[in-house]
Amino acid sequence: MKEIPKAYSPADVEEKWYHYWESRKLFHASVNFQKKPYTIVIPPPNVTGSLTMGHVLNNTIQDILIRWKRMQGFEACWIPGTDHAGIATQNAVEKALAREGKNRHELGREKFIERVWRWKEEYGGTIIKQLRKLGASCDWDRERFTMDEGLSDAVKEVFVRMYDKGLIYRGKYIVNWCPFHRTALSDDEVDHAETKGHLYHIRYKIEGLNEYAVVATTRPETMLGDTAIAVNPKDQRYQKLVGRTAILPLVGRRLPIIADDYVDSTFGTGMVKVTPAHDPNDFLMGQRHNLEKVNIFTEDAKMNESVPKQYEGLDRFDCRKRIVQDLEREGFLVKTEPHAHSVGTCYRCHTVIEPYLSDQWFVRMKPLAKSALRVVQNGKIKFHPERWVKVYDHWMNNIRDWCISRQIWWGHRIPVYYTPDGTYTAARSEEEARQKLGVDAKTPLRQDEDVLDTWFSSWLWPFSTLGWPEDTEDLRYFNPTDSLVTGPDIIFFWVARMIMANLEFMKGMPNAQGKPRQTDDELIPFRDVYFTSIIRDAQGRKMSKSLGNSPDPLDVIRDYGADALRFTIAYLSPLGQDVLFSAEKCELGRNFANKIWNAGRFLLMNKQELMVQGSRFESGNANLHPQISNLHLDLADRWILSRLHHAIRDFNTALNEFHINESTKVLYDFVWHDFCDWYVEMVKTRLYGDEPADVKTIVLQRAIGIFDQALRMLHPHMPFVTEELWQHLEERNGQSIMRAEFPIADEKWIDPKTEEEMAFVQSVINAVRNIRGENNIPPSKEIVVQVRPANDQRKGVIGAYARYLQKLARVSTIEIVAAGFKPKLSSSAVVDGIEIFVPLEGMIDVAAERQRLNKEIVRLQQLVESIERKLANPQFVERAPKEVVEKEKEKKESFKVSLEKLRRNLEQLA
RNA sequence: GGACGCUUAGCUCAGCUGGUUCAGAGCGCCUGCCUUACAAGCAGGAGGUCAGUGGUUCGAACCCACUAGCGUCCACCA
């Protein structure tokens with residue numbers, strides 16, 4: 001066996017094991033009706049993207065779940081892939097073009113799309129490669145892309161079916177328009193930011209009267225598109241004006257004054273300018289009153305030809321300034337006051353959104369929402385944390401139609417075909433379109449120029465990745481999937497819509513038994529949704545490229561190791577709270593990995609040593625359940641087994657409830673504090689003691705067996721270091737820990753009596769260590785301890801485990817002393833009624849010792865007093881459960897006994 | 001305007017079903033240590049009015065109400 005380095009070096013092992021796993025197809029899942037499936041579909045990252053800390057958190061959690069379930073014997077399938085990310089990707093390529101001094105229009109649509117594909121092939125794999133560095137055990141054979149052939153077919157199929165059902169329609173509506181991207185956006189793609197602006201009060205002359213109508217607006221430039229003035233019909237002040245005509249300043253257009261309930265008479269002057277082409281509410285008013293819609297903007301939000309010449313071609317904000325100046329000069333501006341209001345911006349480029357009238361495609365959402373609401377309310381789909389249900393309900397109940405057309409080139413082109421006379425239909429192909437439209441092959445057909453919203457392909461992800469619309473075995477077996485791990489920021493974009501789509505399009509598809517799917521249980525896309533935290537920097541700011549406050553995960557992996565990063569991020573991630581992250585925090589995970597490493601090193605070094613001395617370790621033993629090695633079990637063994645099974649149980653409970661951070665704490669506490677701090681130290685007393693070699697071998701073999709169980713438990717969180725050590729522990733003949741059986745909690749090993757006994761031994765050791773520490777006695781100096789037990793049982797325990805006390809508290813001899821014993825000048829403590837004396841003549845600081853004892857006396861006194869107060873309260877004694885009252889009484893008695901002893905020892909201190 | 005979350009040690013946070021010596025962990029700090037796995041470590045220690053107020057209860061960090069501060073989402077905003 002070769003030398004094992006003192007410090008764990010992740011870089012030396014990570015690549016090796018990842019390659020081993022991947023090349024042996026250990027991540028691959030296939031249909032196997034003997035096993036239960038456990039499926040996760042990855043939230044497909046943007047193909048343009050690179051790994052962020054958000055991805056690290058997200059994918060670490062998915063990998064923990066998938067590795068855990070895989071080891072538990074599920075057919076665990078994690079489907080990876082990327083999203084074509086229409087606007088983002090087009091942006092990236094356009095930027096690259098701009099650097100060459102070109103733009104997409106020069107290139108033309110076809111060439112441009114070719115260019116995007118090339119770009120995707122070249123740069124698109126980045127994030128997928130980076131996920132491998134993290135250790136993600138995705139089934140790479142199943143990797144999908146939202147624009148690949150199968151998924152494109154699914155998109156077409158869905159569009160055509162929905163169109164035929166009347167769930168998709170086309171119409172001229174006000175949409176959110178991004179003037180930078182020159183495309184429509186869905187409502188959800190608009191960010192709202194509170195902005196300080198102005199409220200401009202403008203007066204409009206009323207025809208035939210010597211009066212003015214004064215309206216207030218935050219966007220004075222839109223007056224150029226005004227086609228009416230509106231007041232509330234109940235507003236007494238203005239009733240006489242309704243039906244009259246106002247004159248639009250600077251333009252001279254005649255505007256009818258109308259009455260409409262929409263107008264809030266308490267806001268501003270109670271009069272509103274109506275701009276049907278540039279405000280959603282005004283648009284609706286325009287429809288009610290049959291108003292003219294005057295569009296005043298070009299696609300990039302410059303003033304178009306329908307405004308007076310002096311404004312034509314101006315940018316909207318420049319125009320605003322000009323308008324205000326002109327109004328002021330001509331006496332139309334009554335006043336300007338500061339006004340805070342929220343302004344919509346494009347979620348990708350933060351350009352101010354312009355409400356813009358245009359032809360778009362929409363999905364009717366209300367018919368889809370009903371059942372999607374039901375499956376969450378009836379718990380078929382569970383959200384973690386649960387509070388997101390409320391947010392989901394609210395959105396579903398107030399759902400609005402989804403604008404799915406985008407005026408860009410990169411994406412799924414809308415499968416709608418138009419004849420020269422303007423009739424149209426949706427179809428899977430041109431041939432089908434001809435058929436549906438009843439035209440012959442000579443009639444030229446034109447396909448819609450627009451593409452679909454990116455989310456129109458990702459909402460199909462849980463079934464399109466499995467072969468839908470074909471009836472595949474994969475689809476039957478792996479859908480519904482099990483857990484979805486994603487950020488709450490895309491609950492509407494993605495989660496809600498996937499629920500709607502699976503319910504709608506999996507209806508009637510065969511289930512695992514080959515029967516048509518009917519029930520909610522069969523139609524949901526996933527059973528659990530875990531909403532991850534938002535990662536922030538150490539100051540609590542959102543991580544962003546522009547702030548430059550996001551560490552590059554690859555740097556973190558290089559500096560600390562993938563396991564360290566995984567463990568730390570999971571440790572820091574409470575359910576539903578934000579995470580404040582900085583790279584240095586990974587020291588926690590690195591130190592833990594190193595601790596595990598060294599625990600393994602300890603076991604291996606001793607194994608080597610015993611083998612040199614001729615001991616034989618039976619291969620495979622360490623793998624088996626530890627009960628096979630029942631020989632020579634002592635307190636330490638029974639205790640660590642009890643702790644181990646506690647840990648297994650708690651770990652599984654934590655992960656079942658998606659308490660990821662809790663699961664890391666179970667691992668950390670068990671491995672570091674139980675296994676390393678106590679058990680290994682106790683094992684040393686036997687390995688280095690005078691036990692016969694065969695006993696030592698058994699003791700060590702059991703320790704290795706328990707460590708083996710710990711490694712398996714650790715593996716989902718820390719795949720690399722656990723595989724490396726697991727392979728070192730013994731010859732595995734090509735087996736990987738990845739596919740080893742996950743530990744099973746066995747209640748019969750959980751032994752409260754043993755734990756209680758051990759707790760006593762630990763507190764005696766702690767008491768001696770405390771005396772040592774407080775008196776600054778170096779470990780090299782061995783001390784004598786005198787113990788006065790309160791009863792025979794304790795006396796027996798101390799006698800039996802004296803060697804542990806000696807080793808762990810560095811004590812040379814332990815004397816059991818009798819009741820009448822008068823100690824020499826000693827430092828003392830009372831544990832559980834047992835008195836402990838450490839004779840320290842010449843080394844003791846009497847004043848400090850007094851203080852120490854006094855502190856303990858005060859503490860116990862306070863406890864006794866608080867219990868006495870409780871017991872003096874007749875209502876407590878009457879109403880509290882008997883056991884609680886009894887316990888309090890017992891506690892009081894035992895504290896009093898200890899107090900007495902402490903006081904006596906304090907007096908005896910010369 | 002509506003909804004939600006958070007406030008516990010110097011810092012970052014656990015604390016799940018109200019009752020265990022319930023006030024915890026990691027980091028940082030102080031003291032002593034290179035003790036035959038680990039100084040990325042070991043042992044010991046200091047440090048808290050559980051945001052505030054009121055209520056429910058025999059009993060509250062935990063349940064309820066209100067207040068303050070921080071944060072998030074949704075809607076509307078002429």
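Convention: sequence-line order gives letters A, B, ...; per-chain numbering from 1.
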Taking atom [atom1] in both [N] and [M], compute the distance separating them and give it to the nearest angstrom.
| N | M | atom1 | answer |
| --- | --- | --- | --- |
| U7(B) | A14(B) | C1' | 15 Å |
| A23(B) | C13(B) | C1' | 15 Å |
| G5(B) | G10(B) | C1' | 25 Å |
| G52(B) | C11(B) | P | 15 Å |

Please list, pair by pair, any protein nitrogen or oxygen found under 3.5 Å from a nitrogen or oxygen in nucleotides 42-44 of chain B.
| from | atom 1 | to | atom 2 | distance (Å) |
| --- | --- | --- | --- | --- |
| C42(B) | OP1 | Lys595(A) | NZ | 2.8 |
| C42(B) | OP1 | Trp672(A) | NE1 | 2.7 |
| G44(B) | O3' | Asn770(A) | ND2 | 3.2 |

Which part of the nucleic acid, if any, lies within reach of [X] when heavy atoms closer than 4.0 Å are counted: base, sugar-phosphate only, or nothing?
| X | answer |
| --- | --- |
| Glu782(A) | nothing |
| Arg400(A) | sugar-phosphate |
| Val274(A) | nothing |
| Ser780(A) | nothing |
| Arg219(A) | nothing |
| Pro881(A) | base |
| Phe592(A) | nothing |
| Arg536(A) | sugar-phosphate |
| Tyr200(A) | nothing |

**OP:** Give me the residues of residues 884-894 of chain A where at least one heavy atom lies under 4.0 Å from an atom of RNA chain B, by number, or none.
**Re:**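 Within this stretch, Val884(A), Lys891(A) sit under 4.0 Å of the strand.
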Original post:
Among residues 579-589 of chain A, which contact RNA chain B at a heavy-atom distance under 4.0 Å?
Top reply: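 Leu580(A), Lys585(A), Leu588(A), in order of number.
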**OP:** Classify the side chain of Lys684(A) versus the base of A37(B) as yes if they form a donor-acceptor pair under 3.5 Å and no if they do not.
**Re:**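 Looking at the base of A37(B), it does pair with a donor or acceptor on the side chain of Lys684(A) (distance under 3.5 Å).
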Original post:
Does OP1 or OP2 of U35(B) have a side-chain N or O of Tyr688(A) closer than 4.0 Å?
Top reply: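 So the side chain of Tyr688(A) is outside the cut-off, no N or O lying under 4.0 Å from OP1 or OP2 of U35(B).
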Original post:
So does Asn873(A) get a side-chain nitrogen or oxygen closer than 4.0 Å to the phosphate oxygens (OP1/OP2) of G59(B)?
Top reply: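 Checking Asn873(A) against G59(B): no side-chain N or O falls below 4.0 Å of OP1 or OP2.
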Of the listed nucleotides ([options]), which one gets closest to any side-chain atom of [X]?
| X | options | value |
| --- | --- | --- |
| Arg810(A) | C73(B), U35(B), A37(B) | U35(B) |
| Phe876(A) | G19(B), A40(B), A25(B) | G19(B) |
| Pro779(A) | C33(B), G41(B), U21(B) | C33(B) |
| His673(A) | A40(B), C38(B), G26(B) | G26(B) |

Can I get a per-line list of side-chain donor-acceptor pairs under 3.5 Å for residues 583-597 of chain A, giving both atom names and the distance, sequence neighbours left out?
| from | atom 1 | to | atom 2 | distance (Å) |
| --- | --- | --- | --- | --- |
| Glu584(A) | OE1 | Ser582(A) | OG | 3.4 |
| Lys585(A) | NZ | Leu580(A) | O | 2.8 |
| Asn591(A) | ND2 | Glu587(A) | O | 3.4 |
| Asn594(A) | OD1 | Tyr8(A) | N | 3.0 |
| Trp597(A) | NE1 | Pro5(A) | O | 2.7 |

Original post:
Hey, does the Lys NZ or Arg CZ of Lys273(A) hover above the aromatic six-ring of Tyr204(A), less than 6.0 Å from the centre and inside 45° of the axis?
Top reply: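 Judged by the rule, Lys273(A) and Tyr204(A) form no cation-pi pair.
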Subject >> Whole-Å gap separating P (G59(B)) and NZ (Lys882(A)) >> reply: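 It is 19 Å, rounded to the nearest whole Å.
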Original post:
In whole angstrom, what separates Ile660(A)'s CD1 from C13(B)'s C1'?
Top reply: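 The distance from CD1 of Ile660(A) to C1' of C13(B) comes to 17 Å, rounded to the nearest Å.
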**OP:** For residues Trp388(A) and Phe383(A), establish whether the separation of their ring centroids is below 6.0 Å.
**Re:**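 No, ring centres 6.0 Å or more apart.
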Subject >> Pairing stems for RNA chain B [at least three consecutive pairs; Watson-Crick or G-U; under 3.5 angstrom] >> reply: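 Result, WC/G-U stems under 3.5 Å: B:1-7 with B:68-74, B:10-13 with B:24-27, B:29-33 with B:41-45, B:51-55 with B:63-67.
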Original post:
Start at the 5' end of RNA chain B and walk down; is the nucleotide closest to Val877(A) or to Leu603(A) reached first?
Top reply: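 Residue closer to the 5' terminus by nearest nucleotide: Leu603(A).
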Original post:
Does Gly600(A) or Pro778(A) map to a spot on RNA chain B nearer the 5' end, using the closest nucleotide for each?
Top reply: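 By nearest-heavy-atom nucleotide position, the 5'-most residue is Pro778(A).
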N/O-N/O pairs, protein side and nucleotides 1-4 of chain B side, under 3.5 Å:
| from | atom 1 | to | atom 2 | distance (Å) |
| --- | --- | --- | --- | --- |
| A3(B) | O3' | Lys390(A) | NZ | 3.2 |
| C4(B) | OP1 | Lys390(A) | NZ | 2.6 |

**OP:** Using distance alone, with no hydrogens and no angle criterion, decide if His717(A) and Thr664(A) have a side-chain donor and acceptor under 3.5 Å apart.
**Re:**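 Side chains of His717(A) and Thr664(A): no pair found under 3.5 Å.
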